[in-house]
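Heads up: the structure comes next, in structure tokens.
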2 protein chains.
Amino acid sequence: MATRNTYRHGNLRHALIAAGVELAREGGPDAVVLREATRRVGVAPNAAYRHFADRRALLAAVSQAGLAELARTMERELVTGSPARARLRALTRGYLAFAQSEPGLFRAAFATTGMADTDTEEAAGAEGRTAYRLLSEALDDLAASGALPPEHRPDAEYFVWSTVHGMAVLLTDGPLRGLRPPEAEEAERRVMDAVERGLCGTSG
Amino acid sequence: MATRNTYRHGNLRHALIAAGVELAREGGPDAVVLREATRRVGVAPNAAYRHFADRRALLAAVSQAGLAELARTMERELVTGSPARARLRALTRGYLAFAQSEPGLFRAAFATTGMADTDTEEAAGAEGRTAYRLLSEALDDLAASGALPPEHRPDAEYFVWSTVHGMAVLLTDGPLRGLRPPEAEEAERRVMDAVERGLCGTSG
DNA sequence: TGCCTATGTGGACGCCGTCCACATTTTCGA
DNA sequence: TCGAAAATGTGGACGGCGTCCACATAGGCA
């Protein structure tokens with residue numbers, strides 16, 4: 001697969017990112033090794049330096065690709081026309097499903113400073129919206145529907161994102177990993193119930 | 001500081017962990033480099049292998065030390081005798097303060113599979129309680145005080161922990177990093193308000 | 001056609017994790 | 001008490017990695 005006859009590769013940058021994504025899938029961010037990526041593409045190690053400043057730059061590109069796939073997974077769960085609450089649930093389900101089915105790529109997506117660039121065009125899904133934007137719009141819808149009171153709207157993204165991301169970490173690397181799907185879904189449901197109360201509910 | 005006259009070191013294991021913690025403080029989990037740790041302790045690289053199976057084992061020990069320091073920071077915020085809600089807030093404040101003041105050690109504490117061993121004796125603070133246990137007891141108190149209804153008690157640890165941990169990630173590596181203390185505290189307050197509603201409130 | 005720039009190659013360096021054989025120190029039982 | 005055995009530290013080596021420098025080749029453009 002890696003043999004080529006032309007001296008020029010064609011689109012080495014994309015090929016290296018694809019190889020990097022594959023490496024991330026297999027072993028997380030630490031497995032995104034420059035030399036191995038070039039090896040898989042069938043090119044000399046130094047060729048990578050024509051397209052990436054260093055290993056971290058390649059990892060950053062892989063991170064963006066991972067974020068884009070996360071966004072696509074979330075979009076896929078979305079059923080347009082369903083009520084705002086259901087859509088928010090669908091998005092978080094997609095987020096958690098991605099983390100559990102692709103833990104390596106998920107960790108790579110948020111590696112080091114990956115989370116700082118979660119709202120770039122490169123990190124967007126098929127519809128051009130990032131995970132953050134999808135979440136943000138769902139909260140807007142929830143506010144428009146009247147379920148989310150205006151005084152709870154500010155910083156609601158951070159609340160939901162924090163909880164869902166934290167839950168993803170607990171499920172993949174944390175004490176909840178290894179939970180069988182039924183128990184995991186049970187925990188997810190309970191946590192998301194609490195999130196909904198936090199958004200829409202009143203202090204007790 | 002690293003010179004020694006005796007052939008035997010004395011307590012190399014502890015010294016290596018201490019050096020590893022220092023490295024983690026300076027540059028996160030990736031900076032916990034075996035050779036550098038031995039260099040700082042003033043010992044040959046291979047000496048480490050008498051106390052740790054490999055680099056990952058050293059990192060795991062550093063992770064446990066980091067978790068213990070996290071627990072101590074949380075304990076320090078705690079004012080005994082205050083109401084249950086205030087104690088829960090204090091614990092989360094300690095968690096977030098630690099993440100922000102020691103981002104490298106914080107990331108090392110949860111590196112790779114560190115979060116899977118968050119409730120070991122080694123990860124406990126001065127009072128012998130881990131971060132998880134401190135949180136768990138605070139929720140028990142909240143339930144005993146009547147503020148947390150029994151039907152919301154199950155899995156409440158995961159809800160709170162997820163949110164607080166996620167918030168810590170957003171603040172240190174995520175889009176909220178670089179926030180000035182006043183804005184960061186504002187965001188923290190809003191998110192924790194939502195957590196309290198999620199725990200104690202009723203669905204709206 | 002011939003030059004310039006972009007792109008890929010080859011070789012080298014230093015650092016890292018880890019293995020093996022060896023040296024020294026401590027422990028402990030005959 | 002003394003010597004064997006276990007524990008602990010040393011030295012040297014190997015392969016892999018990230019990265020730098022000099023060189024080769026391909027394509028575009030005058």
Side-chain angles (χ1 to χ4, degrees), chain A residues 1-63 104 107-108 111-114, chain B residues 1-63 104 107-108 111-114:
Chain A
M1 168 185 287
T3 60
R4 77 183 194 285
N5 35 16
T6 61
Y7 186 83
R8 289 298 220 265
H9 180 276
N11 201 339
L12 185 52
R13 183 184 167 87
H14 278 59
L16 285 173
I17 294 176
V21 165
E22 200 50 40
L23 288 169
R25 269 190 230 281
E26 297 167 15
D30 289 349
V32 180
V33 169
L34 217 154
R35 289 181 103 108
E36 176 63 18
T38 59
R39 214 174 287 131
R40 293 191 178 197
V41 172
V43 95
N46 286 333
Y49 287 87
R50 301 297 175 187
H51 303 275
F52 302 98
D54 53 17
R55 177 189 174 272
R56 293 186 60 80
L58 171 60
L59 185 55
V62 170
S63 158
R107 277 195 289 129
T112 329
T113 57
Chain B
M1 169 186 285
T3 59
R4 76 182 195 284
N5 36 15
T6 60
Y7 186 83
R8 290 297 223 263
H9 178 278
N11 201 340
L12 185 52
R13 182 184 168 85
H14 278 59
L16 286 174
I17 293 176
V21 165
E22 200 51 40
L23 289 169
R25 269 190 231 280
E26 296 167 15
D30 289 350
V32 179
V33 169
L34 216 153
R35 288 181 105 109
E36 176 64 20
T38 58
R39 214 174 287 133
R40 293 191 178 196
V41 172
V43 95
N46 287 332
Y49 287 87
R50 302 296 175 189
H51 303 275
F52 301 98
D54 53 16
R55 178 188 173 272
R56 292 186 61 79
L58 171 60
L59 185 54
V62 170
S63 158
R107 277 195 290 128
T112 330
T113 57

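Chain identifiers are assigned alphabetically (A, B, ...) following the order of the sequence lines, protein sequences preceding nucleic acid strands; residue numbering begins at 1 within each chain. None of the values given here were measured: they were computed from a predicted structure.
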## Note on the structure
What one should report as the nearest heavy-atom pair of B:A19 and B:R40 is CB-CB, 4.5 Å
### Message
Tell me every residue that passes side-chain contact (heavy atoms from CB on, under 4.5 Å) with A:R55, counting only those two or more places apart in sequence or in another chain.
### Response
A:L34, A:L59
### Message
Give the residues of residues 17-25 of chain A touching DNA chain D, defined as any heavy atom closer than 4.0 Å, sorted by residue number.
### Response
none
### Message
Under the rule for side-chain contact (heavy atoms from CB on, under 4.5 Å), what residues qualify as partners of A:A15, not counting sequence neighbours?
### Response
A:H9, A:V41
### Query
Between A:L12 and A:A47, which heavy-atom pair has the shortest distance, and what is it?
CD2-CB, 3.8 Å
### Task
Tell me whether the OP1 or OP2 atom of C:dG8 has a side-chain N or O from A:H51 closer than 4.0 Å.
yes
#### Entry: Distance in angstrom units between B:L59 CG and C:dC16 C1', rounded
15 Å
### Task
State, to 0.1 Å, how close A:P29 and A:A108 come at their nearest heavy-atom pair, and which atoms those are.
CD-N, 3.7 Å
### Query
Expressed in angstrom and rounded to an integer, what is the separation of B:F52 atom CZ from D:dG9 atom P?
11 Å
## Note on the structure
To the nearest angstrom, the NE2-P distance between B:H14 and D:dT8 comes to 13 Å
### Sequence-distant partners of A:D54, side chain to side chain donor-acceptor pair (under 3.5 Å), two or more places apart
none
### Message
Treating primed atoms plus P, OP1 and OP2 as sugar-phosphate and everything else as base, which nucleotides of nucleotides 13-18 of chain D get B, S or - for protein heavy atoms under 4.0 Å?
### Response
B---BB
### Message
From CZ of B:R50 over to P of C:dT25, roughly how many Å is that when rounded to an integer?
### Response
15 Å
### Task
Give the minimum heavy-atom separation between A:R13 and A:A61, together with the two atoms involved.
NH2-CB, 4.5 Å
### Task
Mind checking side chain to side chain donor-acceptor pair (under 3.5 Å) for A:N46 and listing every partner two or more places apart, or none if nothing turns up?
none
### Message
Tell me the interatomic distance from B:R40, atom CZ, to C:dC16, atom C1', rounded to whole angstroms.
### Response
15 Å
